[in-house]
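Below you'll find the structure, written out as C-alpha cells, and then a few comments.
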Amino acid sequence: METLKNHPKDELLAAYAAGSLPLSQALCISVHLEHCTECTQNLHQLHQLGSELMLSLQPAKPSPKLKDKLFDQIDQILINAATTEKVTLPTNEANHSLPRCLHQFIKTGYEDISWKRLSSDIYSYELCRDQNNAKVELLRIKPGGTSGTHTHMGDEYTVILEGSFSDESGFYQQGDFLVKNSLDKHTPVATIDKDCICLAVTEAPIQLTGFFGRMLNPLIRRSYA
Ligand SMILES: [Zn+2]
C-alpha cells in the first residue's frame, strides 16, 4: 500500500463503518481501502469503537417468540452455508491489478471491456446503477487527454484505479479518493505516461462549460438517462 493524500472524510468513513452509505459510494470507499493503510487503520478503530458501544448498551430481553424465530433463521443460515459451493474468484494475470471489490463486474481486465467512446480522449463503461439512480461507471482518459472543464449537478465520487491525473486542485494517483460537488469547477487532465482509469459515481450528469461544452451537454444528459 502507498501513502495517499486524498482520502474520504471522517464522516464518510464512519457512515461506511456503520453500513449506512449507498452501495455506489461504499464501492468507491472499498476500492480506496485496498490502497490505503491509513483509512484501513481508521476503519478498524471505528469498528472497535462500535463494538465497545454495543457492549456498553443494556441488553433488552427478547420475547420467547422472537428468540425461536432467530434460532430458526440461524439454523437456516448454517444449513445454507454447508450446502453452498465455494466460489473462487478468478486469479489470472490479466485481472491482477483489479481491485477485489470490482471482480463481480469485470471478469478479466480493463482491456477486455467494451468501452464506449464519449470523445476523442474519453471512454466509459457503465457498471451499474444504484438505488438512488447514481451511475457507477469506469472512465478511461487517454494519456494527456482531458474531460474538459466541467461543473457538477450532484455529488461526484471518484477513485483512481490506474494511472494519474491532475486538475486545478492537485495531482491524483492510484487509490486517491475525491468528492466533487456543484460548487466545484475543474479540468482533469491525465498524465502523459499511460491511460488514466477511474471508478466514478455520479448522482447527476456533469455540465461542460465553454461554448463547445454547452453544445455537448444535451448529449451527455441523454447518455445519463
Ligand atoms: Zn485513505
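Atoms within each ligand, like the ligands themselves, are counted from 1 in listed order. On a predicted model such as this, the values are computed, not experimentally measured, just so you know.
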Point to revise | Distance criterion under 2.8 Å: protein N/O/S atoms around the Zn ion (ligand 1) | key: 4

Practice item. Dump the intermediate steps for salt bridge (charged side-chain N to carboxylate O under 4.0 Å, His left out) on K5 and E38, then the final yes or no. Key: CA-CA 10 Å; K5 287 188 185 144; E38 191 181 325; over 6 Å; no

Check your understanding: Is the closest side-chain heavy-atom distance between V136 and L27 below 4.5 Å?
Key -> yes

Practice item. Classify the ring geometry between F165 and Y172 as parallel (under 30°), tilted (30 to 60°) or perpendicular (over 60°). Key: tilted

Review point. Are any non-hydrogen side-chain atoms of S124 and L138 less than 4.5 angstrom apart?
Key: no

Review point. Just checking, is any N or O donor in the side chain of D121 or S119 under 3.5 Å from an acceptor N or O on the other one?
Key: no

Practice item. Give the minimum heavy-atom separation between S24 and A134, together with the two atoms involved. Key: OG-CB, 4.0 Å

